[in-house]
2 protein chains.
Amino acid sequence: MSTPERLIESTRELLWERGYVGTSPKAIQQHAGAGQGSMYHHFSGKPDLALAAIRRTAEEMRATAEAVLGGDGSAYERVAAYLLRERDVLRGCPVGRLTMDPDVIASETLRAPVTETLEWLRERLAGIVQEGLDQGEFTPALDADEIASTIVATVQGGYVLARSTGSPAAFDAGVRGLLALLAPHRAG
Amino acid sequence: MSTPERLIESTRELLWERGYVGTSPKAIQQHAGAGQGSMYHHFSGKPDLALAAIRRTAEEMRATAEAVLGGDGSAYERVAAYLLRERDVLRGCPVGRLTMDPDVIASETLRAPVTETLEWLRERLAGIVQEGLDQGEFTPALDADEIASTIVATVQGGYVLARSTGSPAAFDAGVRGLLALLAPHRAG
DNA sequence: GTCTATAGTTGGATAGAC
DNA sequence: GTCTATCCAACTATAGAC
C-alpha cells in the first residue's frame, strides 16, 4: 500500500476508535509507519487527512448498506436484513460517532459527508418502506419517513447501549424489539 | 455557588459539549472562574473532577426520567410522555455521548455511572412495558425487555440523526415512528 | 483556599536537508 | 518523497508562596 493510502486507512481506524478530537497527527503517523514530513507532504494537515478518511468511510458505509437494501425480498425482509446484518457492534458506527465530535460538527467541510451519508440512509430506507406501503405490504397507518428515522435511530442508539454495557446484547434486543413492532403491520 | 460547585457544574457543561477527551482542566478553570491551584486543591485531577460531574449528570438524568415515567396514565401514555418530553435535542444526551469517549470507556470508574444509568432506564421502561403486558394493555407478542431497548435506542439514535443534520426534525420523526409502531399493539 | 511559577509532555505544523 | 530539526501553544500536573 502506498504511503497516502496507509495514512488514510490509519486515520480511518483512529477516527473510528478515538474520534477526531482524540486523534493526533503523531498517532496517525505511527500507526501508518510514516514520518511527519511524509504526512505533511501528502496532506495539508489533520483536517485534510481526516476529510479523506471520513469520505472513504462514508462511501464504504453506503456501499455496505446498499448491498443489503438493494437485495431481493419484500420491504420488510430488506429492512430486517439491514437490521440483522453482521456488525462490529462494540466499535459503533464510524460515521454516526462523528456527530458527537465537536470539531467535526463545527466544520462545515468535515460534517458534510456525515450528514449526507445518514440522510442518504434515511431516504433509502424511506423509499423501501414507501414501496411496502404502495404495494399494500404494510398497513397504511405508517409514515415512510418516520419509520425510516426510527430504523436508523434504533441502530445508532443500539450502538450506544452496547458500548455502555460492553456487550452487544442491548443492540440485538433493540433490533428484535423493532422488528417485533414492525411485523404486525404487514398485510402480506 | 462555592468553588467546587462551580467546577463541577462547569465540567458538566464542557463534558456535554466537548466530551472528556475534548475538555481540558484549563478550559474548566476558565469556565468556572477558578485558578489552577484552586482546582487541584479540591480535586485530584481531571478524572476525579469528571467523575463528580458524570455522577451528578447521571443522577439528574434519572430524576428527570423518573418524573415522567413515574407519572399517571397507562403504560403507553407514560412511554409516550417519556418520548415526547421536551429535550435539548441538538445537545444530545449528556450520558449517552460519553459512550463514544474512548477514555471514559477505558476507565472502569468513569464508565460505571454511564452503564448504570442507561441500564436503569432500560429496566425502568421494561417494567412499565411489562405492566402493560400484564394488564392486557399490549398484545402479548411483545417482549418487555426488547421494547425497552428499542425505546432507549430510538432516543439515543435520534440525537445522532438530529446532530448530523443540525435540526431536531429527524429526532422527532423517529419518535413519532416508534409511537406509530407501538400504538396498534394496544388492546385498551 | 487561592495564586503564581515551573515543568515535562504532547499537539500540530513549518523549514530545509537529502 | 522522506527525514530530521525546530517551533510555539496547549495539556496536565506539581511546588511553594501567600
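So that the names make sense, note that chain A is the first sequence line, chain B the second, and so on, each numbered from 1.
By the 6.0 Å and 45° rule, A/R97 does not stack over the aromatic ring of A/W16. Stacking of A/R87 on the aromatic ring of A/Y82 is recorded, both the 6.0 Å distance cut-off and the 45° axial limit being met. For the pair B/K46 and B/Y40, the cation-pi criterion (under 6.0 Å, within 45° of the ring axis) is not fulfilled.
What separates NE2 of B/H42 from P of C/dG1 is a distance of 6 Å, to the nearest Å. As a whole-Å value, the separation of B/F43 CZ from C/dG1 P is 12 Å. In this structure, B/Q30 atom CD and D/dA9 atom C1' are separated by 13 Å, rounded to whole Å. Rounded to a whole Å, the NE2 atom of A/H41 is 15 Å from the C1' atom of C/dA17.
Side-chain polar atoms of A/S149 and A/R122 form a donor-acceptor pair below 3.5 angstrom.
Using a distance-only test at 3.5 Å, with no hydrogens or angles considered, no donor-acceptor pair links the side chain of B/D145 to the main chain of A/A173.
Side-chain nitrogen and oxygen atoms of A/T3 include none within less than 4.0 Å of the OP1 or OP2 phosphate oxygen of D/dG1.
Taking the six-membered ring where tryptophan is involved, the planes of B/F171 and B/Y159 are tilted, since the angle between them lies from 30° to 60°.
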List every contact pair, protein side and nucleotides 9-15 of chain C side both N or O, where the distance is under 3.5 Å.
unit_1 : atom_1 : unit_2 : atom_2 : d
C/dG11 : OP1    : A/S24  : OG     : 3.3
C/dG11 : OP2    : A/S24  : OG     : 3.4
C/dG12 : OP1    : A/K46  : NZ     : 3.3
C/dA13 : OP2    : A/Y40  : OH     : 3.3
C/dA13 : OP2    : A/K46  : N      : 3.1
C/dA13 : N7     : A/Q36  : OE1    : 3.3
C/dA13 : N6     : A/Q36  : OE1    : 3.1

